[in-house]
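For reference, the structure discussed in these notes is given below.
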Amino acid sequence: MKKATNSYKREHGLTIEQLNAIDLLIVGKTDKEVAAITGVNRVTVTKWRNYDIYFQAELNQRRKEVWNVSVDKMRALVPKAMEKLEKEIEGPNGWKVSMEIIKISGINGEYIKDTGKDSSDKILNDLAQKRATEEMYGSINNYTKQQILIDFQKQLDET
């Protein structure tokens, strides 16, 4: 029988089931698969992902870690790739390689279309818009945050 989360208390941090669920989600398991392996209901896993901000934060942190490892591996291949490209430029299809390098670098204009605003009015409008947005959303106080947490906890408890 699947375990309910009605007795779950936040003061103790994430549960073992939640930590295991994060590990499984990171490797690409579905909510249904995660639920079956961890012994909780699929709806519980979905609620953790959608409403539990602590679960979401840990999941996102772990995803960043995995992504960063992958990016580091890609970066490590760049010197080898550059050496290979340099050799290929001298070969019979060097012109194709050269054209691809130009495209990737953005010299062909694809990536340099937006070089910034060309009018002081546009720049001023952007700055004013940014400041207005910061003022509007910057006024979230601790009471508002607490209300959001209470609402999320209610949704979690409705299992």
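We use all heavy atoms of the structure for the numbers below, so side chains are in, but hydrogens, waters and symmetry mates are not.
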When you compare the side chain of Ile26 with that of Leu59, does any pair of heavy atoms fall below 4.5 Å?
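Leu59 reaches Ile26 side chain to side chain.
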Beyond-backbone contact of Ile53 with Gln56, side-chain heavy atoms, under 4.5 angstrom:
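Touching, per the 4.5 Å side-chain cut-off.
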Rounded to the nearest 0.5 Å, how far apart are [atom1] of [X] and [atom2] of [Y]?
| X | Y | atom1 | atom2 | value |
| --- | --- | --- | --- | --- |
| Leu19 | Leu14 | CG | CG | 5.0 Å |
| Thr44 | Glu17 | OG1 | CD | 10.0 Å |
| Met74 | Leu77 | CE | CG | 6.5 Å |

Just distance, no hydrogens or angles: give the donor-acceptor pairs under 3.5 Å from side chains in residues 83-95, sequence neighbours left out.
none

Ile16 atom CD1: more than 12 heavy-atom contacts under 6.0 Å:
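At most 12 heavy atoms, drawn from other residues, nucleotides or ligands, come within 6.0 Å of this atom.
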Step-by-step side chain to side chain contact (heavy atoms under 4.5 Å, CB included) determination, Arg62 to Glu65:
CA-CA 5 Å; Arg62 296 284 302 283; Glu65 290 169 6; 3.7 Å; yes
Listed partners of Asp126 passing salt bridge (charged side-chain N to carboxylate O under 4.0 Å, His left out), at least two apart:
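Partners of Asp126 by the salt bridge (charged side-chain N to carboxylate O under 4.0 Å, His left out) criterion, ordered by chain and then number, come out as Lys117.
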Tell me, please, which residues at least two apart from Arg131 pass salt bridge (charged side-chain N to carboxylate O under 4.0 Å, His left out).
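Not a single residue meets the salt bridge (charged side-chain N to carboxylate O under 4.0 Å, His left out) criterion with Arg131.
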Distance-only side-chain donor-acceptor flag, Asp151 / Gln155, under 3.5 Å:
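Asp151 vs Gln155: no donor-acceptor pair found between side chains.
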Do Asn20 and Thr38 have side-chain atoms, one donor and one acceptor, less than 3.5 Å apart?
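Short answer, no.
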After noting the C-alpha distance and the side-chain angles of Phe152 and Asn50, does the key distance pass the side chain to side chain contact (heavy atoms under 4.5 Å, CB included) rule?
CA-CA 9 Å; Phe152 276 148; Asn50 292 327; over 6 Å; no
Does this structure show an ion pair linking Lys29 with Asp23, if we count only N-O contacts that are shorter than 4.0 Å?
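Here Lys29 does not pair with Asp23 in a salt bridge, since their nearest N and O are not under 4.0 Å apart.
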Ion pair Asp31/Arg49, N-O distance below 4.0 Å:
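Looking at Asp31 and Arg49, the cut-off is met.
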List the residues meeting side-chain contact (heavy atoms from CB on, under 4.5 Å) with Asn60, not counting sequence neighbours, and say none if there are none.
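In terms of side-chain contact (heavy atoms from CB on, under 4.5 Å), with neighbours along the sequence ignored, Asn60 is linked to Arg63.
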Please list, chain by chain and in numerical order, all residues satisfying side-chain contact (heavy atoms from CB on, under 4.5 Å) with Ile150, sequence neighbours excluded.
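Here the qualifying residues are Gln146, Gln147, Lys154.
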Other cluster members, Val71 - Ile/Leu/Val/Met/Phe/Trp/Tyr, side-chain contacts below 4.5 Å:
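Members alongside Val71: Trp67.
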Could you go step by step and tell me if Trp48 and Leu156 meet the side chain to side chain contact (heavy atoms under 4.5 Å, CB included) rule?
CA-CA 7 Å; Trp48 287 342; Leu156 275 172; 4.0 Å; yes
Within the side chain of Glu58, is there an N or O that forms a donor-acceptor pair under 3.5 Å with the backbone of Ile22?
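No, the answer is negative, given that no donor and acceptor are paired below the 3.5 Å cut-off.
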